[in-house]
Amino acid sequence: IHDGLQNAEAVVKSVCDRHAEALSAIEDEYIRERVADIRDVGRRLLRNLSGQQPVSEEVGHEHIVIARDLAPSETAALRKDLAVGLAIDMGSPTSHTAVMARAMDIPAVVAMRDVSEQVKQGDEVLIDGNRGVLIVRPTPRQLEEYGRLAETRRSIAKELPALRELPAETVDGHRITLSANIEGVDEVDSVTAHGAEGVGLFRSEYLHLLSSAPVTEEDQNRVYCEVARRLSPQPVIIRTLDIGGDKLMTGAPFLPEPNPFLGCRSIRLSFLHPDYFKAQLRAILRASRYKNVKLMYPMISGVEEVEQANAILGEAMDDLDRAGEEFDRNIDIGAMVEIPSAALTADTIAEHVDFLSIGTNDLVQYTLAVDRVNERVAYLYQPTHPAVLNLIRETIRAGKRNGIWVGLCGEMAADPVLTPLLIGLDLDELSVSPPAAPLVKAVIRRLKFEEARAFADEAVECSSAGEVVRRARELMRRVAPEILELV
Ligand code: PEP
Ligand code: MG
């Protein structure tokens, strides 16, 4: 401070930067990962020096967390019993923070721009995660209105457990599979408790995102086996690593990129590090001895990537043969359709896989050129855009032509208002976060398949995303008015 004529904050920052830089240069991956810890400590020091209120980690009563953004590890560290809501400036409904909040059943609103500056510690706030509303210092009338809504929600929630054992079947007997998206082994009980039929998407990258130490093949295998064993005989679809985009991992072997969502993300990163990829494939294959494990490749842009991935899978099988390890040689392989080029060439891709799963979170962003985590363009992020619906329909048709099943595991599958549309498009599977499964199932069980089909035909011809939503809400008003009240 004396010599450099800098203030304390600037000194703390430069010392932290120096340590972080020195650690980044070390070869040992574990040591390198400590950079994030140094930065975290630095941030806390700066927060205290600048007189800001500390994050309410020690709050012992129910509270709503307000932040600029949260890392996956910070979201996972929230106490479900005390953090009754979450609002952040950044993100979108499909960003990793929102995905995790949904999995943890914590009402969340995202893309609030400057909520973290507007709300002060101790303010009373009201949060409505279904409608994406946050009211700061609500009036008595608003509290009363939301009190009534909460009561309706509670009474519907009481009826939902009765659906647990019932199939996801329309009134006229059309049945689909309603499975769950999970990020880790902790959610397995929630899958069963919410009546989902197995796992349609296991986001395997969270194991890495939430761990401070490198994750080995053994670690991965242990987790996959536990999930497969506990859910057997229901299927468990394990997706290979989808790192990149907004799922960045400290210590991961990638370079900073100007456009991470268009860069070396997901399967591309796996191809860049084939040994690492092969280790994950072996971990999955070894869990396939439970006979309910399926494997899925993310971010496929065309058939060559499927062929390349399958070739590496063949090598992983050879490794296991040599080691005398047991695995399911006929394990089902799937490709995610989340890039328009994959949707438009789904016929060719379908020849090399056993199923397709449409990832609309990314399909929407890549079709509409809308960054899925940029709150400034969130208004353009429209899952019901006619272009997106056409790609979904064409993918489903390609699957049927090739005799394989097609599912959808993006967040739009969890929106009950869109359930009739997705059923009508003739998807074989919907995969949603476990807490979302009961409402979606409730809607399916009110529908007539023929009516849903007619609605889907009508929807794909609509000229705008807004019109599809309006018509979907009209249909819901007829088939499930009380559910519409909630969403
Ligand atoms: C998707 O893109 O729709 C998807 C399910 O994958 P993620 O959200 O993990 O990118
Ligand atoms: Mg995706």
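Atoms within a ligand are numbered from 1 in the order they appear, just like the ligands themselves.
Near ligand 1, L201, R203, R239, D242, K247, R265, M336, E338, G359, T360, N361, D362, R372, C409, G410 each place a heavy atom less than 4.0 angstrom from the ligand.
More than 12 non-hydrogen atoms from other residues, nucleotides or ligands lie less than 6.0 angstrom from NZ of K278.
Under the 4.0 Å criterion applied to side-chain N and carboxylate O atoms, R203 and D242 are not assigned as salt-bridge partners. With respect to the salt-bridge test (charged N to carboxylate O, under 4.0 angstrom), the residues R222 and E218 do not qualify.
For the Mg ion (ligand 2), protein N, O or S atoms closer than 2.8 Å were enumerated as E338 OE1, D362 OD2, with waters left out.
Ring geometry for H174 versus F449: interplanar angle under 30°, hence parallel rather than tilted (30 to 60°). Between F355 and W405, the ring planes are parallel. Angles under 30° get that label, and only those over 60° would be called perpendicular.
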Residue pair L320, R282: steps toward the side chain to side chain contact (heavy atoms under 4.5 Å, CB included) verdict: CA-CA 7 Å; L320 294 182; R282 283 195 301 267; 3.9 Å; yes

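Legend: residues meeting salt bridge (Lys or Arg N to Asp or Glu O under 4.0 Å) with R175, ordered by chain and number and at least two apart, are E197.
Proximity of a side-chain donor or acceptor of H194 to a complementary backbone N or O of S190 within less than 3.5 Å is detected.
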I'd like a table of donor-acceptor pairs (distance under 3.5 Å, sequence neighbours excluded) in which one partner is a side-chain atom from residues 74-82, with atom names and distances.
| unit_1 | atom_1 | unit_2 | atom_2 | d |
| --- | --- | --- | --- | --- |
| E74 | OE1 | A71 | N | 2.6 |
| T75 | OG1 | A71 | O | 3.0 |
| R79 | NE | D81 | OD1 | 3.3 |
| R79 | NH2 | D81 | OD2 | 2.7 |

